[in-house]
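Atom set for the values below is all heavy atoms of this structure, side chains included, hydrogens, waters and symmetry mates excluded.
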Amino acid sequence: MKLLESGEMYLETILILKNKYGYVRSIDIAHEMNFSKPSVSRAMSLLKEDGYIENDPHGMILLTEKGQEVAEKIYDRHKTLTKYLILLGVSEETAQQDACRIEHVISEESFEKIKALIPDSLKE
């Protein structure tokens with residue numbers, strides 16, 4: 001089953017929070033995404049059912065290998081598209097917002113062509 005945009009956004013947020021704090025709880029996701037705790041709990045249940053996340057013995061949210069792969073792909077798209085839009089002269093704030101929308105719908109072919117245009121000096 002194809003993961004929906006909202007699922008991709010949750011996985012990306014989990015990755016970002018894990019990198020930032022070293023752990024992820026549902027409440028952290030709710031605060032980061034400005035969603036209600038029940039909405040996040042429901043989404044976490046669905047992601048767990050589909051094998052994208054799991055919980056450790058302390059209730060922390062962990063990405064499975066499958067979830068990590070999707071999260072890294074979406075996050076790479078976000079960072080790359082943001083850099084590209086900034087290179088085109090778009091303000092950082094607008095570039096961030098637009099990249100967040102584009103990252104979920106752009107084809108792999110188009111993304112790879114854009115990625116190739118970014119100078120090596122700006123790549124991580």
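Cluster annotation: Tyr21 and Ile16 are assigned to the same hydrophobic cluster (Ile/Leu/Val/Met/Phe/Trp/Tyr, side-chain heavy-atom contacts under 4.5 Å, transitive). Both Leu87 and Leu85 sit in one connected hydrophobic cluster of ILVMFWY residues. Membership requires side-chain heavy atoms under 4.5 Å apart, directly or through other members. Using a 4.5 Å cut-off between side-chain heavy atoms of Ile, Leu, Val, Met, Phe, Trp and Tyr, with links allowed through other members, Tyr23 and Leu11 fall into the same hydrophobic cluster.
The line from OH of Tyr52 to CD of Glu8 is 8.5 Å long, rounded to the nearest 0.5 Å. Atoms OG1 and CE, on Thr13 and Met33 in that order, are 4.0 Å from each other to the nearest 0.5 Å. The CD atom of Gln97 sits 11.0 Å away from atom CD of Glu92, with the distance rounded to the nearest 0.5 Å. Here CD1 of Ile114 is found 14.0 Å from NZ of Lys83. Values are rounded to the nearest 0.5 Å. With values rounded to the nearest 0.5 angstrom, Tyr10 atom OH is found 14.5 Å from Leu63 atom CG. Taking NE2 of His78 as the reference point, atom CD1 of Ile102 lies at 10.5 Å (rounded to 0.5 Å).
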Under the criterion side chain to side chain contact (heavy atoms under 4.5 Å, CB included), I'd like the reasoning laid out for Phe111 against Asp76: C-alpha separation, chi angles, the key distance, then a yes or no. CA-CA 10 Å; Phe111 175 70; Asp76 179 50; 3.7 Å; yes
Run the side chain to side chain contact (heavy atoms under 4.5 Å, CB included) test on Thr80 and Ile118 for me, step by step, so that the C-alpha distance in whole Å, both residues' side-chain angles and the decisive distance to 0.1 Å come before the verdict. CA-CA 8 Å; Thr80 301; Ile118 296 178; 3.4 Å; yes
Take Glu69 and Lys73 through the test side chain to side chain contact (heavy atoms under 4.5 Å, CB included) and record every step on the way to the result. CA-CA 6 Å; Glu69 189 177 303; Lys73 177 182 174 184; 5.9 Å; no
Apply side chain to side chain contact (heavy atoms under 4.5 Å, CB included) to His104 and Ile74, showing your working. CA-CA 7 Å; His104 303 285; Ile74 296 301; 3.9 Å; yes
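Residues Ile14 and Ile53 form a side-chain contact, since some pair of their non-hydrogen atoms from C-beta on lies under 4.5 Å apart. For the pair Arg25/Asp28, a side-chain contact is recorded, criterion being any heavy-atom separation below 4.5 Å from C-beta on. A heavy-atom distance below 4.5 Å is not found between the side chains of Met60 and Val24. You'll find the side chain of Ile86 stays beyond 4.5 Å of the side chain of Ser91, heavy atoms only.
The heavy-atom pair separating Ser26 from Lys37 by the smallest distance is CB-NZ, 3.5 Å. Closest of all the heavy-atom pairs between Leu81 and Ala99 is CB-CB, 3.8 Å. Here the closest non-hydrogen pair linking Thr64 and Gly51 is OG1-O, 2.6 Å. Across all non-hydrogen atoms, the minimal contact from Ala95 to Val90 is N-CG1, 3.5 Å.
In summary, Arg77 and Glu108 engage in a salt bridge, as defined by a charged side-chain N under 4.0 Å from a carboxylate O. Using a 4.0 Å cut-off between a side-chain N of Lys or Arg and a carboxylate O of Asp or Glu, Lys66 and Asp50 do not qualify as a salt bridge.
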Show me the donor-acceptor pairs within less than 3.5 Å that the side chains of residues 42-49 make with the rest of the protein, sequence neighbours left out.
{"from": "Ser45", "atom 1": "OG", "to": "Ser41", "atom 2": "O", "distance (Å)": "3.1"}
{"from": "Lys48", "atom 1": "NZ", "to": "Asn55", "atom 2": "OD1", "distance (Å)": "3.1"}

